[in-house]
Participant: 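Got a structure here, written out as structure tokens. Questions coming.
Heavy atoms only: backbone and side chains are in, while hydrogens, waters and symmetry mates are out. Please read all numbers here as calculations on a predicted model, not as lab measurements. Every number for a ligand or one of its atoms is a count from 1 in the order of the listing. Numbering of residues begins at 1 and proceeds along the displayed sequence.
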Amino acid sequence: MRLLTGIQPSGELHIGNYFGSIKQMVEAQKQNETFAFIANYHAMSSGNGGKELAALTMQTATDFLSLGINPEKSTFWVQSDVKEVLELYWILSAFTPMGLLERAHSYKDKTAKGITANHALFSYPVLMAADILLFSPDIIPVGKDQIQHVEIARDIAIKFNNKYGNILKIPTFKIQEEVATVPGTDGQKMSKSYGNTVNIFGEEKKQRKTIKKIVTEQVALEDPKEFANCNVYTMAKLFLNEKELISLQNRYKAGGEGHGHFKIYLAEVMWEYFGDYTKQREYYMQNPQEVRDILNAGAKKASEIAQPMMQIIRQATGIKY
Ligand code: ADP
Ligand code: TRP
């Protein structure tokens, strides 16, 4: 199977990104052909780019490598290093009804939150369709929020194929049900754009402070507490095995401990979980040239697929004359 995913370099990686997408990719590397890229063109739709984008691109690449994306096993590159994607984006635009984009949740949610929309934000799903369809993957592992984007890519591909024959592979998405949406500190979906993230890397003290901010219900210390809908429990669940989970549930049920105690526990398990990755990250941070070399080699490998695919598409669409 071929799996493909992209991540925007729009801020520090958070545990929603990890459990919703990165972890699945890392695990998939063992038995599949995996493609992962840093979606830096996509990031321009919300930040307009600049020096910060360049720095975030390197930082996100460093973080991905530290978290276990293995360049020997995966094709790992920066989106803008394989320009064919922009050409395909335009061609696919001609197969994208306006209504399809007008119905996109991510666009609607962002505008509803007062984020001013530009054309890039509106047409974002078309670029994402190009990212996907250029490489003919079977599966896109994503969080719940991205399902609709993959569906849009499918719709566009079907329209294209109806006209030009079976050129584009129709992708499917894969979500991990239990981590489909990781909540943020405020209980909404964890997202960089909502400022409610618990980041994977960072100073221990700062992490603890963030975890302290997680919203929980008000219950007296001695009383039993609900775990099922508790944001602290939902996050801790991501890091725990069955036995640890039951023991945490019992602590909730027993009373006598407050949410503050559970937060301290969450901070501890999280710190331990990402400990080795943090060390790996320190290595890459000191060796940025190594990261650049990996990205260049990845772009070359990705181009070897993108270029012949674009030739076929140019030929079919009459762009090649
Ligand atoms: P953000 O919403 O913070 O900007 P991205 O949109 O860059 O995150 O998401 C990158 C990947 O991480 C996507 O596959 C997305 O589905 C996944 N993801 C992001 N937030 C969550 C979350 N809260 N729960 C599960 N997966 C998530
Ligand atoms: N839109 C995705 C996100 O915000 C990132 C992304 C861009 C992507 N292109 C992709 C994910 C292609 C999967 C496949 O999370």
Participant: Backbone, side chain, both or neither: what part of Ile7 comes under 4.0 angstrom of ligand 1, heavy atoms only?
Facilitator: side chain
Participant: Report yes or no: do Gln289 and Asp293 form a side-chain donor-acceptor pair below 3.5 Å?
Facilitator: yes
Participant: So, using side chain to side chain donor-acceptor pair (under 3.5 Å) as the criterion, who are the partners of Glu33 when residues are at least two apart?
Facilitator: Arg2
Participant: Indicate, as side chain, backbone, both or neither, the part of Asp145 found under 4.0 angstrom from ligand 1 when only non-hydrogen atoms are considered.
Facilitator: side chain
Participant: If we ignore hydrogens and angles and just use 3.5 Å, is the side chain of His42 paired with the main-chain N or O of Ala39 as donor and acceptor?
Facilitator: no
Participant: Is there a nitrogen or oxygen of Thr5 sitting under 3.5 Å from a nitrogen or oxygen of ligand 1?
Facilitator: no
Participant: Centroid-to-centroid, Phe274 to Tyr18, below 6.0 Å?
Facilitator: yes
Participant: May I ask whether Leu86 and Leu133 are part of the same hydrophobic cluster, defined by side-chain heavy atoms of I, L, V, M, F, W, Y residues being less than 4.5 angstrom apart, directly or through others?
Facilitator: yes
Participant: Could Glu204 and Arg208 be called an ion pair, given the rule that one side-chain N must be under 4.0 Å from one carboxylate O?
Facilitator: yes
Participant: For the backbone of His14 and the side chain of Asn17, can you confirm whether one donor and one acceptor N or O come within less than 3.5 Å of each other?
Facilitator: yes
Participant: I'd like to know if Leu56 and Tyr284 are part of one continuous hydrophobic network [Ile/Leu/Val/Met/Phe/Trp/Tyr, side-chain heavy atoms within less than 4.5 Å].
Facilitator: no
Participant: Non-hydrogen atoms closer than 4.0 Å to ligand 2: which protein residues do they belong to? List them by chain and number, please.
Facilitator: Leu4, Thr5, Gly6, Gln8, Phe37, Ala39, His42, Tyr124, Met128, Asp131, Ile132, Ile140, Gln146
Participant: Going by the closest heavy atom to atom 13 (C) of ligand 1, which one wins out of Gln24, Met190, Gln146?
Facilitator: Gln146
Participant: Heavy atoms only: which of Gln8, Met25, Lys189, Gln188 is nearest to atom 21 (C) of ligand 1?
Facilitator: Lys189
Participant: With rounding to the nearest 0.5 Å, note down the distance linking CD in Gln311 to CD1 in Ile313.
Facilitator: 10.5 Å
Participant: Is Val182 in polar range of ligand 1, meaning some N or O pair under 3.5 Å apart?
Facilitator: yes
Participant: Does an N or O anywhere in Ser10 fall below 3.5 Å from an N or O of ligand 1?
Facilitator: no
Participant: Please determine if Lys192 and Glu12 form a salt bridge, counting it only when a charged side-chain N lies under 4.0 Å from a carboxylate O.
Facilitator: no
Participant: Record the part of Ser191 in heavy-atom contact with ligand 1 below 4.0 Å; permitted values are side chain, backbone, both and neither.
Facilitator: both
Participant: Ignoring hydrogens, just give me the one of Gly11, Gly16, Pro141 whose non-hydrogen atom is nearest atom 17 (C) of ligand 1.
Facilitator: Gly16
Participant: For ligand 1, which atoms sit closer than 4.0 Å to a heavy atom of Gly20?
Facilitator: 25 (C), 26 (N)
Participant: We want to know whether Asp186 and Gln188 form a side-chain donor-acceptor pair, criterion being a heavy-atom distance below 3.5 angstrom.
Facilitator: yes
